[in-house]
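Data block below; observations after.
We count residues from 1, following the sequence as given. Note that the structure is predicted; figures quoted are calculated from it, not measured.
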Amino acid sequence: MNRVGQGAYRQKVCPRCGLAFLCGHDLPEMLCDCKQVVLQEHHRIYLAAHYSDCLCLPCLREIAARSSEELTTVQS
C-alpha cells in the first residue's frame, strides 16, 4: 500500500548526501529503513552531533560501518 501523501511517509532529503528518500520514522509502526541499520553508541553520538534530521539508508549504512576512531576524523 502506498501511503505517501496520506500523512504517513514523509519525503525527506538527506542532509549528508542530498538524496531524496521516504521516511516512515514517525509512523506508529515505524516503517522506516533506518530500523535495518544497527548503530552503536558512538554512531548515535556522531549522528546527534552532526545532523538534526534523518539520513538516507546508504549514508546510515556507511556511518554504521565506521569505527569510533574513524568517526572522530570524519567531518560529515
Side-chain angles (χ1 to χ4, degrees):
M1 174 170 71
N2 185 353
R3 295 168 68 172
V4 178
Q6 297 177 8
Y9 289 97
R10 291 189 295 150
Q11 181 81 30
K12 291 192 174 189
V13 175
C14 180
R16 185 169 183 258
C17 72
L19 179 71
F21 66 99
L22 295 176
C23 177
H25 183 268
D26 296 331
L27 293 173
E29 59 274 16
M30 194 177 159
L31 297 171
C32 194
D33 287 341
C34 65
K35 287 184 68 175
Q36 300 176 29
V37 181
V38 177
L39 299 172
Q40 303 300 319
E41 185 64 21
H42 67 274
H43 300 124
R44 289 184 181 88
I45 291 168
Y46 174 83
L47 290 167
H50 290 86
Y51 305 103
S52 61
D53 204 356
C54 300
L55 272 62
C56 66
L57 186 56
C59 283
L60 280 176
R61 285 182 174 154
E62 183 180 326
I63 289 170
R66 295 188 179 193
S67 69
S68 178
E69 293 78 24
E70 289 174 308
L71 289 177
T72 59
T73 61
V74 175
Q75 296 297 323
S76 62

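- Atom NZ of residue Lys12 and atom SG of residue Cys56 lie 12.0 Å apart, to the nearest 0.5 angstrom.
- Summarising the geometry of Ile63 relative to Tyr46, their closest heavy-atom pair is CD1-CE2, 3.8 Å, with the distance given to 0.1 Å.
- Under the 4.5 Å side-chain contact rule for hydrophobic residues, Tyr51 and Leu57 share a cluster.
- Expressed to the nearest 0.5 Å, how far CZ of Arg16 lies from CG of Leu60 amounts to 9.0 Å.
- Hydrophobic clustering, with ILVMFWY side chains joined whenever heavy atoms are under 4.5 angstrom apart, groups Leu39 together with Leu71.
- Taking 4.5 Å as the limit, some side-chain heavy atom of Gln11 sits within range of a side-chain heavy atom of Leu22.
- Taking every heavy atom of both residues into account, Val37 and Ala64 meet most closely at CG1-CB, 3.6 Å.
- Looking at Glu70, Glu62, Glu69 one by one, the single match for side chain to side chain donor-acceptor pair (under 3.5 Å) with Arg66 turns out to be Glu62.
- The two atoms that bring Asp53 and Pro15 nearest to each other are O-CG, 4.3 Å, heavy atoms only.
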